[in-house]
Amino acid sequence: MKEQYFPQEIEKKWQQKWQDENTFYTPDDSDKPKYFALSMFPYPSGKLHMGHVRNYTITDVIARFKKMQGFNVLHPIGWDSFGLPAENAAMKHGANPAVWTDDNIAYMTKQLKMLGLSYDWNREVTTCKPEYYKWTQWLFLQFYKKGLAYKKEAAVNWCDECATVLANEQVIDGKCWRCDSVVKKKYLSQWFLKITDYAEQLLQDLDKLDGWGDNVKTMQANWIGKSKGAILKFKVCDAPCGEMEIPVYTTRPDTAYGITYLVVAPEYKDIEKLTTPENKEAVEAYRANARKMTEIERLSTDRIKTGVPLGTHCINPFTGEKFPLWTADYALAEYGTGAVMAVPTHDERDFAFAKKYNLPMKIVISNPENPSDCKDAAYVDEGVMVNSGEFNGMKNVDAKTAITQKAVDEGFGEFKTQYRLRDWLISRQRYWGAPIPVVYCDKCGIQPVPESELPVLLPEDVDFSVVGKSPITTSKTFTETTCPVCGGPAHRETDTMDTFICSSWYYMRYSDAKNSEKCFDKDLVNKWLPVDQYVGGIEHAILHLLYSRFFTKAMKDMGLLDFDEPFKNLLTQGMVLKDGAKMSKSKGNTVDPDEIFENYGADTARLFILSDSPPARDFDWSDAGVEGCYKFLNRVWRLVSTNQDKIIFDYKLPENRTKADDDLVRIVHMAIKGITNDISNEFQFNTVISKYRELTNAIYDWADKAEWTEDAKNVFSFAILSLMKLMSPVAVHLTEEVWSSLGAKDSIHNQEWCKWDENLAKTSSITLVVQVNGKVKDKIDVDEGLSQDEMKEVALASDKVKALIEGKEIVKVIVVPKKLVNLVVK
RNA sequence: GCUCCAGUGGCGGAAUCGGUAGACGCGUUGGACUUAAAAUCCAAUUGGGCGUAUAACCCAGUGCCAGUUCAAGUCUGGCCUGGAGCACCA
């Protein structure tokens with residue numbers, strides 16, 4: 001072993017060796033219990049960034065720790081390799097997206113290996129390869145068969161920049177999640193997956209996810225947005241085209257006696273039938289204007305509300321009162337029934353609208369102690385029913401049920417549970433994705449591609465320079481085909497699938513990555529899944545994580561697997577910051593992992609990225625911090641290299657230890673206990689690393705004073721070799737090099753995790769804290785075995801305490817065994 | 001507006017159960033070694049009483065205000081600040 005630490009040299013050597021010896025191969029058959037550790041797989045953008053380094057290091061340390069604890073650990077990696085950047089690069093540089101993607105994967109693979117990650121590369125999964133997307137397409141067909149995939153014409157989110165539609169989940173603040181440009185509405189016929197069928201299950205099963213943070217669970221619950229209310233139906237009394245009925249959804253049926261008008265969304269399907277000839281022109285103009293607006297404008301809550309009357313009227317079935325119909329863009333076509341009953345006195349939005357257009361108001365709920373006149377604001381709190389016929393005097397919360405029941409009994413209403421979650425729009429008008437396996441025949445209509453004809457391969461004869469349509473439509477070989485039913489001419493669907501489909505099941509594929517007969521073997525997927533620990537960024541809280549839960553539930557119902565939640569435990573790691581801001585190219589505050597590997601080595605990078613903050617919190621990168629970690633590894637190296645002659649690999653702890661030896665043995669046991677607990681308890685790697693330092697410091701101190709008897713050498717060896725094993729999940733190369741230099745035959749990464757002896761993992765004496773009236777006044781070293789009475793005596797014998805309690809009365813004495821005595825005096 | 005999370009030295013952060021606040025590190029200051037530097041090592045480092053050495057002592061202190069308790073960074077209630085998510089969802 002060299003005197004000096006040369007990380008680059010030893011890291012390269014061991015990476016090669018691990019690869020040659022297949023050190024991290026995971027067998028499917030093993031007596032050991034399974035453990036599936038998973039990082040969210042990367043998009044092959046070109047280069048790793050520090051967020052990747054953090055994510056993969058965290059998971060890698062978990063995987064290695066679990067392996068040493070005796071688990072058969074599955075720790076795979078793959079590539080989320082369909083998506084727009086490849087296509088954009090193709091357009092810009094004339095490169096083929098497949099080639100661009102392959103190059104990026106090759107480079108990033110090299111980087112992952114340089115980080116020393118313990119992946120089983122035999123299970124690598126790449127979503128853009130036909131052998132993978134064949135099964136993505138196959139799964140689509142299963143969804144289709146089950147009625148969970150359907151096509152419909154709808155107002156959808158459109159991004160001009162990306163020239164494609166987007167799912168609701170991909171619109172952030174009215175902007176595209178990828179390019180940040182403003183999203184528009186377009187009417188298009190598109191493919192959807194019926195995630196709404198699973199809304200209730202997706203919501204309820206959140207309770208099962210004990211291993212998920214509350215933040216993610218509440219975000220998903222809010223997104224699903226369950227509410228309970230009623231559908232009430234209103235007869236239109238003067239529609240130009242005969243009798244009509246308008247159903248509305250409301251969570252406030254208790255306010256039904258206070259309705260003074262009714263609003264339908266500008267996109268409401270029957271709006272034309274509800275408009276009188278006199279109002280037609282104004283209504284048309286209003287609707288045209290609404291269509292032009294962007295989502296941001298449309299949904300802005302501080303915009304002044306606008307609307308126009310339709311000229312027709314409804315009857316309130318509770319009161320017989322007649323009230324007008326309006327259209328206004330504060331009613332949303334996609335939620336509820338697209339129509340709203342308006343009660344200005346008890347809803348802020350209706351109040352603002354009624355004020356503006358001078359519509360009447362009627363108070364139906366009142367707080368008897370402090371009645372509101374509803375002149376300046378709506379009264380939205382609880383109260384007692386007034387002006388509500390037979391319901392007068394009832395509490396409004398009780399009236400919700402009572403009034404709905406009346407509507408049910410009399411045939412104009414029903415109880416209704418409503419969700420905000422919408423179906424998942426999965427069509428994309430882009431090339432670089434899995435083609436939707438469907439053909440359109442003039443005679444037979446929509447026909448799924450037979451499973452035997454999968455995969456539907458992406459064509460290569462395409463022109464990426466086209467504007468305004470998907471490059472795939474320029475292929476001469478792709479579009480024209482024959483109908484699988486009648487054999488007549490037909491054309492293929494040219495839309496591809498949202499990449500989030502590919503990532504909704506990739507983690508299952510790891511269980512059987514090379515299967516060419518099936519998407520995976522059922523026994524294997526049931527053996528390895530659910531994922532025991534999933535690690536990734538919070539940005540997927542309601543995208544990937546919700547979609548994957550939906551896929552799992554749907555696939556369970558299809559009989560493909562037997563579990564109903566994919567990820568048992570979820571760790572959402574914080575962002576990597578530099579100078580307090582998120583690292584980004586535009587801000588110019590990025591740190592290139594390659595440079596860190598080159599200057600300090602991967603072990604330093606791994607150690608540092610775990611050292612300063614707990615994994616869930618944001619991490620501020622600092623050059624001084626890296627330097628500090630590098631120095632620490634040097635210090636560890638020196639500790640071993642300068643004392644090599646005193647280390648016995650097959651040490652035996654002496655039976656009769658001297659006091660000094662004893663202390664080091666205790667310190668090691670305490671470190672083992674502390675580190676094991678810190679990892680087990682939510683992966684607190686930052687404190688794990690502080691304990692590495694404490695132990696290293698303690699060994700240095702001890703070695704300084706040691707007389708090198710045989711016993712001392714054995715104790716020292718125990719300490720050094722334990723330190724190496726404890727550090728091996730983090731400093732993977734350094735510990736391996738030391739381990740082998742000291743005479744080991746097998747890899748340190750195949751060793752068992754250190755065990756501690758509870759009797760040795762504590763100090764022989766304790767510090768007795770003496771408080772007077774709750775304030776610490778003295779600390780006394782005492783023997784651990786002291787009884788409570790003895791502790792009290794020791795406390796009272798303290799000179800400091802004597803002085804403080806002199807002339808005072810001891811009211812009470814509290815003794816906490818092995819810890820403290822509190823004297824309450826007056 | 002609603003929901004969730006967080007707030008501790010100059011900085012990152014530590015503190016199973018309510019029981020020694022500030023572990024470990026970064027930075028800073030002083031010192032040793034060196035012709036010099038780097039590296040390394042030693043010491044100090046919450047604020048104040050207190051710009052002197054030594055040894056000690058006292059007071060205050062975990063965003064703010066209350067409360068529970070012998071004892072609160074930790075529990076309860078009410079705020080303030082920051083971050084994240086949702087948001088005209090009837």
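- In this structure, the nucleotide among B/G19, B/C26, B/G85 sitting nearest to the side chain of A/A624 is B/C26.
- Residues A/Y5 and A/S641 have side chains that never bring a donor and an acceptor to within less than 3.5 angstrom of each other.
- Base-pair partner of B/A84: B/U3 (Watson-Crick or G-U wobble, both distances under 3.5 Å).
- Ring pair A/F318/A/F412 is perpendicular by interplanar angle, where above 60° counts as perpendicular and below 30° as parallel.
- The residue A/K818 sits apart from the nucleic acid: no heavy atom pair falls under 4.0 Å.
- Residue contacts for A/N677: at a heavy-atom cut-off of 4.0 Å it reaches no nucleic acid atom on any strand shown.
- Using a 4.0 Å heavy-atom distance criterion, A/K217 is classed as making no nucleic acid contact.
- Of the candidate nucleotides B/G19, B/A14, B/C4, B/G19 has the atom lying nearest to any side-chain atom of A/V816.
- How far CD of A/E267 is from CZ of A/R287: 7.5 Å, rounded to the nearest 0.5 Å.
- Comparing A/S690 and A/A333 by the nucleotide of RNA chain B that holds the closest heavy atom to each, the one mapping nearer the 5' end is A/S690.
- The side chain of A/T251 lies closest to B/A90 when the candidates are B/A15, B/C88, B/A90.
- Within 4.0 Å (heavy atoms only), A/Q684 reaches sugar-phosphate atoms of the nucleic acid but no base atom.
- Counted by atom type alone, A/N222 and A/R420 present zero donor-acceptor pairs between their side chains at under 3.5 Å.
- Proximity note for A/K305 (side chain, C-beta onward) versus B/C88, B/C41, B/G85: the nearest is B/C88.
- A/E348 contributes no side-chain N or O that forms a donor-acceptor pair with the base of B/G1 under 3.5 Å.
- Nucleotide B/U52 forms a pair with no other nucleotide shown, judged by Watson-Crick or G-U wobble geometry with both contacts under 3.5 Å.
- Contact annotation: side chain of A/N822 to base of B/C70, donor-acceptor pair present below 3.5 Å.
- Atom CD of A/E334 is surrounded by more than 12 heavy atoms from other residues, nucleotides or ligands within 6.0 Å.
- Judged by Watson-Crick or G-U wobble contacts below 3.5 Å, the nucleotide B/A21 has no partner.
- Set against B/C24, B/C41, B/G19, the side chain of A/R693 has B/C24 as its closest nucleotide.
- Side chain of A/E694, nearest nucleotide from B/U40, B/G13, B/C24: B/C24.
- When distances run from any side-chain atom of A/V824 to the nucleotides B/G12, B/G25, B/C70, the shortest one goes to B/C70.
- Contact annotation for A/V776: backbone-only contact, meaning every heavy-atom pair under 4.0 Å involves sugar-phosphate atoms and none involves a base.
- One interatomic measurement links the two molecules: CD of A/Q573 to P of B/A84, which rounds to 17 Å at whole-angstrom precision.
- The partner of B/U16, taking Watson-Crick or G-U wobble pairs whose two distances both stay under 3.5 Å, does not exist in any strand shown.
- Between A/F608 and A/F619, the angle of the ring planes goes over 60°, which puts this pair in the perpendicular group of the 30/60° scheme.
- When Watson-Crick and G-U wobble pairs are counted only if both distances are under 3.5 Å, B/U46 pairs with B/A60.
- Counting only heavy atoms from C-beta on, A/T767 has its side chain closest to B/U20 among B/A14, B/C59, B/U20.
- Closest contact between the side chain of A/N215 and the listed nucleotides B/G19, B/A14, B/C4 involves B/C4.
- Remark: B/G77 base-pairs with B/C65. Criterion, Watson-Crick or G-U wobble with two distances under 3.5 Å.
- The A/N222 side chain lies nearest to B/G85 when the options are B/A90, B/G12, B/G85.
- Within 4.0 Å (heavy atoms only), A/A342 reaches no atom of the nucleic acid at all.
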